[in-house]
**Q** 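Pasting a structure below so you can have a look.
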Amino acid sequence: MDWFILFIAGLFETAWAISMKYADGFTKVYPTILTFAAMALSVFLLSVSIKTLPVGTAYAVWTGIGAVGTAILGIILFGESKDFIRLFFIFLIIVGIVGLKLFSKD
């Protein structure tokens with residue numbers, strides 16, 4: 001269950017990064033509120049998951065999920081580069097996340 005909570009925390013990390021883009025320097029009210037709410041939920045869920053998961057592993061997985069999710073949504077929503085080399089390195093982050101999960105002693 002803690003891995004699932006950590007995964008959801010990573011999704012909220014992606015949500016706050018994307019909503020921060022829409023907040024336009026915190027000049028737009030609703031995206032700003034969404035940004036801070038997603039930040040709070042993300043950190044709260046991370047704190048719940050590290051009660052039983054190793055903190056270094058959990059933090060790395062959390063940031064990895066956020067980085068991959070944000071990069072993919074950046075491509076989809078904002079037309080960011082989808083060059084092969086960029087996608088390759090995003091794939092490497094995914095491999096790292098999976099590796100941490102598979103070889104973690106939780």
Side-chain angles (χ1 to χ4, degrees):
M1 186 65 165
D2 291 319
W3 283 104
F4 178 72
I5 292 170
L6 181 61
F7 177 74
I8 299 301
L11 294 180
F12 275 109
E13 183 180 4
T14 299
W16 74 254
I18 295 299
S19 63
M20 189 173 357
K21 174 79 170 171
Y22 285 110
D24 196 26
F26 300 124
T27 60
K28 296 181 179 170
V29 175
Y30 293 116
T32 297
I33 292 168
L34 181 60
T35 299
F36 286 109
M39 282 180 180
L41 279 168
S42 181
V43 172
F44 171 74
L45 292 172
L46 174 64
S47 74
V48 169
S49 72
I50 63 173
K51 288 180 180 178
T52 58
L53 298 176
V55 67
T57 300
Y59 184 76
V61 169
W62 177 67
T63 57
I65 292 168
V68 168
T70 303
I72 290 170
L73 286 177
I75 291 168
I76 294 167
L77 298 173
F78 307 120
E80 295 176 3
S81 171
K82 53 185 170 197
D83 292 338
F84 172 78
I85 196 70
R86 185 168 191 248
L87 296 176
F88 173 72
F89 285 113
I90 292 169
F91 171 75
L92 288 180
I93 296 170
I94 294 168
V95 169
I97 292 167
V98 171
L100 285 169
K101 165 64 174 107
L102 291 176
F103 296 101
S104 175
K105 296 179 178 168
D106 49 351

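Because only heavy atoms are used, hydrogens play no part in the values below, and waters and symmetry mates are left out as well, while side chains stay in.
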**Q** Is there a donor-acceptor contact under 3.5 Å from the side chain of Ser42 to the main chain of Met39?
**A**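 Checked: no pair found.
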
**Q** At what distance, to the nearest 0.5 angstrom, does OG1 of Thr32 lie from CE of Met20?
**A**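 Nearest 0.5 Å value for the OG1-CE distance: 10.0 Å.
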
**Q** When the ring centroid of Tyr22 is compared with that of Phe78, is the distance short of 6.0 Å?
**A**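 Ring centroids of Tyr22 and Phe78 are less than 6.0 Å from each other.
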
**Q** Do Val98 and Phe103 belong to the same hydrophobic cluster, where Ile, Leu, Val, Met, Phe, Trp and Tyr are linked whenever their side-chain heavy atoms lie under 4.5 Å apart, directly or via other members?
**A**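 Linked within one cluster.
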
**Q** If I compare all heavy atoms of Ile93 with all of Val68, which pair ends up nearest, and what's the gap?
**A**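 Looks like CG2-CG2, 3.4 Å.
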
**Q** Identify the two heavy atoms, one from Ser81 and one from Arg86, that lie closest to each other, and give their separation to 0.1 Å.
**A**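 Shortest heavy-atom contact: O-NH1, 2.6 Å.
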
**Q** With rounding to the nearest 0.5 angstrom, report the CG to CG distance, Leu45 to Asp2.
**A**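 Here the rounded value is 11.0 Å.
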
**Q** Quick one: do Val55 and Leu53 end up in the same hydrophobic cluster if we chain Ile, Leu, Val, Met, Phe, Trp and Tyr together by side-chain heavy atoms under 4.5 Å apart?
**A**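 Yes, Val55 connects to Leu53 through the hydrophobic network.
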
**Q** Report the distance from atom OH of Tyr30 to atom OG of Ser19, rounding to the nearest 0.5 Å.
**A**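 So the gap between those two atoms works out to 15.0 Å.
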
**Q** Using the rule that Ile, Leu, Val, Met, Phe, Trp and Tyr join whenever any side-chain heavy atoms are under 4.5 Å apart, tell me whether Phe91 and Ile72 fall into a single cluster.
**A**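 The answer is no; the residues belong to distinct hydrophobic clusters.
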
**Q** Measure across Ile65 and Thr14 and return the closest heavy-atom pair with its distance rounded to 0.1 Å.
**A**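 For Ile65 and Thr14, the tightest heavy-atom pair comes out as O-OG1, 3.5 Å.
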
**Q** Quick check for you: to the nearest 0.5 Å, what is the distance between Thr57 atom OG1 and Ile50 atom CD1?
**A**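 Output value for this atom pair is 11.5 Å.
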
**Q** For Trp62 and Tyr59, take the angle between the two ring planes, folded into 0 to 90°, and tell me which bin it lands in: parallel under 30, tilted 30 to 60, perpendicular over 60.
**A**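 The rings of Trp62 and Tyr59 sit tilted, inter-plane angle from 30° to 60°.
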
**Q** Shortest non-hydrogen contact from Leu87 to Lys82?
**A**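 Nearest heavy atoms, Leu87 then Lys82: CD1-O, 3.4 Å.
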
**Q** Under 4.5 Å between side-chain heavy atoms, hopping through other hydrophobics if needed: is there a path connecting Ile94 to Trp3?
**A**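 Yes; tracing contacts between hydrophobic side chains, which count when under 4.5 Å, links both residues.
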
**Q** Below 3.5 Å, can you tabulate the donor-acceptor pairs from side chains in residues 4-12 to any protein atom, sequence neighbours excluded?
**A**
none

**Q** Keeping the roles fixed (side chain from Thr70, backbone from Ala67), state whether a donor-acceptor pair exists under 3.5 Å.
**A**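 No; judged by distance alone, with no hydrogens or angles, the pair does not exist.
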
**Q** Quick check against the 3.5 Å criterion: does Ser104 have a side-chain atom that pairs as donor or acceptor with the backbone of Lys101?
**A**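 Not at all, since once roles are kept as given, no pair shorter than 3.5 Å links the two residues.
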
**Q** Group every Ile, Leu, Val, Met, Phe, Trp and Tyr by side-chain heavy-atom contacts under 4.5 Å, then state whether Leu100 and Met1 land in the same group.
**A**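 Leu100 clusters together with Met1.
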
**Q** Could you report the tightest heavy-atom contact between Ala23 and Thr35, atom names first, then the distance?
**A**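 Minimum heavy-atom separation between Ala23 and Thr35: CB-OG1, 4.3 Å.
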
**Q** Tell me, yes or no, whether the heavy-atom count around Phe44 atom CZ, taken from other residues, nucleotides or ligands under 6.0 Å, exceeds 12.
**A**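 No, CZ of Phe44 has 12 or fewer neighbouring heavy atoms, counting only those of other groups under 6.0 Å.
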
**Q** Kindly give the heavy-atom pair with the smallest separation between Ile18 and Gly74, and that separation in Å.
**A**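 Nearest pair, atom of Ile18 first, then Gly74: CD1-N, 4.4 Å.
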
